[in-house]
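A quick write-up on the structure given underneath.
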2 protein chains.
Amino acid sequence: MNEPVIQLPEPLGSGKRGGRGALSGAATQRVERPAPLREAVHTALIELIINGTLQPGQHLVELELAQYLGVSRQPVREALQRLQTEGWVDLRPAQGAFVHTPTEEEADQLLSVRSVLETHSARLAADRATEEQIARLWELQREGEALVEADDPEGVTAANAKLHAYITQISGNAVLAEHIALVERRVRWYYRPIARPRGHDAWNEHAELIKAIAAHDADLASMIMNRHTERTRQAYHDQRVAEASAEQQT
Amino acid sequence: MNEPVIQLPEPLGSGKRGGRGALSGAATQRVERPAPLREAVHTALIELIINGTLQPGQHLVELELAQYLGVSRQPVREALQRLQTEGWVDLRPAQGAFVHTPTEEEADQLLSVRSVLETHSARLAADRATEEQIARLWELQREGEALVEADDPEGVTAANAKLHAYITQISGNAVLAEHIALVERRVRWYYRPIARPRGHDAWNEHAELIKAIAAHDADLASMIMNRHTERTRQAYHDQRVAEASAEQQT
DNA sequence: CTGTTCCATACTGCATACAGTCTACAGCGT
DNA sequence: ACGCTGTAGACTGTATGCAGTATGGAACAG
């Protein structure tokens, strides 16, 4: 009825019935549990949603996904469960899974929550950062700046995520990190249609932030991060508005 | 091997094979989707974990749970998936589900995250609260105070949760509400062993908070909520310390 | 031509079946 | 006595089967 016409690099459950990963033989010293198929399916589906292969609102038929990914319905269902709690799909009883449709309001709320969490993370990071970690921050900063110069939006986005993730790591609060990661991925998705990341100014703000962390000035770091994330949120807003008015003129 | 010896009020999937809820017949105008079994299982398991029937570290054997709840392994597995992403259980590949073991560190991190989120929620609520909502807040406040007077710890805890939840609702940020709810339930669990909620002083703080919200003073409301949640965190800490030293003397 | 009813089909939700892996214990060797 | 190896049982991970419901379209009435 529908026609996904989606291409997969490799069939996830590669032939073998037992479905154990290809690396079963390599008996490295570590116990190295073979990752269950559901994990792979989960990852694959997020990727498909983020890159737009699976469009918002689209009905995800379990059997189709299963065949496409080369597994049975079972792992697919389990992955869908998790995707629902993470906000990627909506499970409507007796109807199945639908790719979640992000609303403008929800995007704003996500950015707001992210702002709060990241601000707290910056505060904690300023308290705890070691010299070594600060050095690493400057390293990430230089990498980011280089990518801005090279005008590589994809790279800049990745570098940005990396820097923020590292700050979160420094903060030493795993629960906080989990929640940020959850929000972060969804933001990245919502954000995608209007992709173009902020350039020089964002990274200037990063530099300020790192300075504050290096000085262990928690209040300042927190303040800068708050301003930083709120600006991203504003940029999102402006873009939407611009988009809307552009649409009017068409 | 193990002996859960747990008693269930009623068999979840009550006989009927199709497993549809008992309210299938009542054809009210609304479409009233029959809630899937996995939902019921999910709720039931959280309850069992919170009330201590399922102890931290315990191995959850799917078949046992299934039989106990009167369903098959399938809905149990799906519920476990969700429980994992929500932090209630750990799924070890090829070994199964184990009730998550809360560490002291993790509890502190959760309280910290909750504090940040609730603080933000209070700020937003102060901005948006309507007269009607404020009236409702005072109502909840009175209920809570009454329960404190009546020395009903269970009731106080519930009233507390209700008040906080309502503030979150007023804030109008659904994403924020989700995250708070996620953290909240785990906190309640971790907190349980040292249950006794703070009494009068907590509710005095609530009153101050509601006043600030009623005055639409976002900064003040935010400040009060921050102090309030941090105190709860401190209370948790003190209790742990007291416990530890008490144990020493034994 | 429009609106309604009925039916076929597709898909979900749940249950069951099967294959592979982990664990513990018995038996053997040292 | 102690450690190693082999084997049986238990449990997970995955696949398949089955019943019930939602949906779209055809047939029919107005």
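Environment of CD in Glu132(B): sparse, with no more than 12 heavy atoms of neighbouring residues, nucleotides or ligands closer than 6.0 Å.
One interatomic measurement links the two molecules: CZ of Arg92(B) to C1' of dT21(C), which rounds to 15 Å at whole-angstrom precision. The separation between Glu62(A) atom CD and dT16(D) atom P is 15 Å, rounded to whole Å. In this entry the distance linking CD of Gln81(B) with C1' of dG13(D) reads 11 Å, nearest Å. At whole-Å resolution of the value, CD in Glu39(B) and C1' in dT12(C) are 14 Å apart. Between the CD atom of Gln95(B) and the C1' atom of dC11(D) there is a distance of 11 Å, given to the nearest Å. In this structure, CG of Leu63(A) is placed 11 Å from C1' of dT12(C), rounded to the nearest angstrom. Residue Phe98(A) contributes atom CZ, which lies 13 Å from atom P of dA22(D) at whole-angstrom precision. Whole-Å rounding puts the Asp90(A) CG to dT12(C) P distance at 15 Å.
In this structure, CD1 on Ile167(A) lies 11.0 Å from CD on Gln169(A), to the nearest 0.5 angstrom.
Between Ser115(A) and Thr229(A), the side chains place a donor N or O and an acceptor N or O closer than 3.5 Å (distance only, hydrogens not considered). No hydrogens or angles considered: nothing links the side chains of Glu184(A) and His164(A) as a donor-acceptor pair under 3.5 Å. Judged purely by distance below 3.5 Å, without hydrogens or angles, the side chains of Gln84(B) and His100(B) never pair a donor atom with an acceptor atom.
Within the 4.5 Å cutoff, the side chain of Arg77(B) has no heavy atoms near those of the Arg77(A) side chain.
Side-chain proximity of Pro36(A) to dT14(D), dC11(D), dA15(D): nearest is dT14(D). Across dC22(C), dC14(C), dT14(D), the shortest atom-to-atom separation from the side chain of Leu37(A) is found for dT14(D).
Contact annotation for Leu91(B): no contact, since no heavy-atom pair falls under 4.0 Å across all strands.
Contact check of residues 73-80 of chain B against DNA chain D (heavy atom, cut-off under 4.0 Å) returns Arg73(B), Arg77(B).
The phosphate of dC11(D) has neither OP1 nor OP2 within less than 4.0 Å of any side-chain N or O from His59(B).
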Anything under 3.5 Å between a donor and an acceptor, one on a side chain of residues 173-182 of chain A, the other on a protein residue two or more places apart or in another chain? List them.
| residue | atom | partner | partner atom | Å |
| --- | --- | --- | --- | --- |
| Asn173(A) | OD1 | Val175(A) | N | 3.1 |
| Asn173(A) | OD1 | Leu176(A) | N | 2.9 |
| His179(A) | ND1 | His179(B) | ND1 | 2.8 |

